[in-house]
Asker: 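There's a structure below that I have some questions on.
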Amino acid sequence: MAMSYRRRVAGCAAVVALAFVPCARSAWAVQASGALIVEPGVLGFGPEAEFLLRISARNTSTATADEGAHPVPAVLQGDVRVTLSGRTDVIGCADLVPSGPGGCAASDPSVTECRLTAPDVVTLVLDADGVLLPAEQTVPLATVKLRVFDLATFGGALPFCRFNAATEPFGLSACQTGCALGGMLGASLVVPVLPSGQCSGCRYEVRFVGDAETPDKLIVTGRLEAASSFGPGNALLVELDSPGGEIFSFFLPRGSVTQEGANVLVYRDARAREVGGIGLVRMRLTESRTSFRLEAFSADLAERAAADMSSDIVFGSVQLLAEGPWTRTRTGWRLVTR
């Protein structure tokens, strides 16, 4: 069983004497201090990208004796929590990808587990004895693998991904004549790299139903050249704007689209025809392309639809932007992209 910190200190004279090195000097003051170093393994990231995040502990604890201050070892105990954040209206920015013993891609022997303890918190679980931090040294605690959320989850705008790490408030202890307790913090961020998508012959059609009490319909069909990775774990966003502002914005969170057969994804909501929203998403996936049909309903279409509308559709991490001019038809408006 690992030796506790107090036993380590008490046994200093006997253990160190064997190496003919004097034991810790008598000190009249000791301070526990340090920092957590949070190092992403990438300079920039795209939606659904996987990368490694390494968390290390730097010990800067010192003791002050008659001859001045000198560095001293310390022990880190308790859990270390890393909060993942992006947009203020989205909880978290990435998922933990368990990889290796205890979910850690790599870890110090005293770190027993790396796990998601909240939707936006990765926790490094330390054993009861904690991690010994030599004086003025940096000790790698653990490396975890993360996967960034898809673009639709972020509302079509990929944010910075921020990582804020913290120990327990008194998780760091440095002992000489007595013990000082403190905590450590650390932070970093990664900038986004925005993706682009192409829609081959996408057809946008606004259809007026002729009933003021019933929402009108937007139908979008086409083929995506870069969305074959879309799956039930992805989110979906559809927005339609005019020069006067937003006509509608509808969002399906991750898990809303379900698998039907080997290569077909479907979402249906019959209520959308009456109350508005996304009524249908149907996608057929192949290795080279994905065909889709999307139907959305909004009571604002009849009054606000115009020739210079713009559309923003995000299938997971593939963003499709389309701008007018739209063509007036007998039943509404139409736009076909090339």
Side-chain angles (χ1 to χ4, degrees), residues 45-50 86-87 89-98 119 146-158 192 194-207 215-240 248-298 301 311-322 335-337:
F45 67 90
E48 300 184 88
E50 292 187 357
R87 288 174 44 144
D89 58 340
V90 177
I91 298 176
C93 67
D95 288 319
L96 175 68
V97 181
L146 301 175
R147 181 187 295 118
V148 181
F149 293 162
D150 61 30
L151 189 59
T153 298
F154 292 119
L158 199 63
L194 297 179
S196 61
Q198 293 182 344
C199 188
S200 176
C202 280
R203 181 185 180 96
Y204 299 75
E205 185 175 0
V206 172
R207 291 185 186 176
D216 297 303
K217 181 192 298 188
L218 170 69
I219 303 172
V220 185
T221 58
R223 296 188 304 273
L224 306 178
E225 304 298 336
S228 60
S229 62
F230 186 88
N234 292 112
L236 188 145
L237 172 74
V238 54
E239 295 181 342
L240 190 65
F248 65 73
S249 177
F250 300 133
F251 175 72
L252 296 180
R254 296 184 294 171
S256 300
V257 178
T258 58
Q259 191 94 29
E260 283 193 3
N263 301 311
V264 178
L265 300 174
V266 175
Y267 170 83
R268 297 184 181 91
D269 184 1
R271 300 170 302 170
R273 295 178 177 272
E274 300 178 358
V275 300
I278 298 176
L280 173 68
V281 178
R282 183 177 179 84
M283 306 183 72
R284 184 176 295 276
L285 285 68
T286 67
E287 293 183 0
S288 59
R289 64 180 56 182
T290 299
S291 60
F292 72 93
R293 180 182 180 90
L294 183 150
E295 297 181 4
F297 299 83
S298 172
L301 276 170
S311 171
D312 184 3
I313 300 175
V314 185
F315 290 98
S317 294
V318 177
Q319 185 171 35
L320 305 175
L321 300 173
L335 173 67
V336 178
T337 64

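Start at 1 with the first residue, then count along the sequence.
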Asker: Which atom names give the shortest non-hydrogen contact between Thr337 and Ala322, and what distance separates them?
Answerer: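 Minimum heavy-atom contact is CG2-CB, 4.1 Å.
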Asker: Taking Thr258 for its side chain and Val266 for its backbone only, find out whether a donor-acceptor pair lies under 3.5 Å.
Answerer: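 Pair found, side chain donor or acceptor close to backbone of Val266.
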Asker: For Asn263 versus Gln259, what's the shortest heavy-atom pair and its separation?
Answerer: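 It is N-NE2, 4.2 Å.
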Asker: Specify the closest pair of heavy atoms between Ala152 and Leu237, including all atoms of both residues, with the distance to one decimal.
Answerer: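 Closest pair (atom of Ala152, atom of Leu237, distance): CB-N, 3.9 Å.
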Asker: Atom OG in Ser298, atom CD1 in Ile278: separation rounded to 0.5 Å?
Answerer: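 Result: 12.0 Å between the selected atoms.
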Asker: Do Leu294 and Val238 have side chains that approach each other closer than 4.5 Å (heavy atoms only, starting at C-beta)?
Answerer: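 Side-chain contact under 4.5 Å: yes.
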Asker: To the nearest 0.5 angstrom, please state how far the CD atom of Glu205 sits from the OG1 atom of Thr221.
Answerer: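 One gets 8.5 Å once the value is rounded to the nearest 0.5 Å.
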Asker: Determine, stepwise, if the pair Arg284 / Glu260 fulfils salt bridge (charged side-chain N to carboxylate O under 4.0 Å, His left out).
Answerer: CA-CA 10 Å; Arg284 184 176 295 276; Glu260 283 193 3; over 6 Å; no
Asker: Looking at side-chain heavy atoms only, is the closest gap between Leu285 and Leu265 below 4.5 Å?
Answerer: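 Leu285 reaches Leu265 side chain to side chain.
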Asker: For a 4.5 angstrom cut-off between non-hydrogen side-chain atoms, does Leu240 reach Leu301?
Answerer: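 With C-beta onward as the side chain, the pair touches.
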Asker: What I'd like to find out is whether the side chain of Leu146 reaches to under 4.5 Å of the side chain of Glu50, using heavy atoms alone.
Answerer: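 No, every pair of side-chain atoms sits at 4.5 Å or beyond.
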Asker: If you round to the nearest 0.5 Å, how far is CZ of Arg271 from CZ of Phe297?
Answerer: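 One gets 13.0 Å once the value is rounded to the nearest 0.5 Å.
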Asker: Measure across Ile91 and Pro119 and return the closest heavy-atom pair with its distance rounded to 0.1 Å.
Answerer: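 Scanning both residues completely, I find the closest heavy atoms to be CG2-CB, 3.8 Å.
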Asker: Which heavy atom in Pro215 sits nearest to a heavy atom in Gly276, and how many Å separate them?
Answerer: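 Heavy atoms only, the tightest pair is CG-N, 3.9 Å.
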Asker: Does any part of the side chain of Arg254, heavy atoms only, come nearer than 4.5 Å to the side chain of Thr153, both counted from C-beta?
Answerer: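 They are in side-chain contact.
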Asker: Determine yes or no for a side-chain-to-main-chain donor-acceptor pair under 3.5 angstrom, with Asp150 supplying the side chain and Ala235 the backbone.
Answerer: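 Flag set: sc Asp150 to bb Ala235 pair under 3.5 Å.
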Asker: In Å, rounded to the nearest 0.5 Å, how long is the span from SG of Cys202 to CD1 of Ile313?
Answerer: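 The SG atom of Cys202 sits 7.0 Å away from the CD1 atom of Ile313.
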Asker: For the atom pair CZ (Phe250) and CG (Leu236), what is the distance rounded to the nearest 0.5 Å?
Answerer: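 Answer rounded to 0.5 Å: 12.0 Å.
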Asker: So, do Glu48 and Asn234 sit near enough that their side-chain heavy atoms are less than 4.5 Å apart?
Answerer: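 The answer is yes, as the side chains (C-beta and beyond) meet within the 4.5 Å cut-off.
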Asker: May I ask you to establish whether Arg282 and Phe292 are in a cation-pi arrangement, using a distance under 6.0 Å from NZ or CZ to the six-membered ring centre and at most 45° from the ring axis?
Answerer: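 No; the conditions do not both hold, so Arg282 does not lie above the ring face of Phe292.
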Asker: Are Asp95 and Phe149 side-chain neighbours, meaning at least one heavy-atom pair lies under 4.5 Å?
Answerer: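 In short, these two side chains touch, coming nearer than 4.5 Å.
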Asker: So, do Leu218 and Glu295 sit near enough that their side-chain heavy atoms are less than 4.5 Å apart?
Answerer: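 They are not in contact (no side-chain heavy atoms under 4.5 Å apart), so the answer is no.
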Asker: Rounded at 0.5 Å granularity, tell me how far CG in Leu280 sits from OH in Tyr267.
Answerer: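 Answer rounded to 0.5 Å: 10.0 Å.
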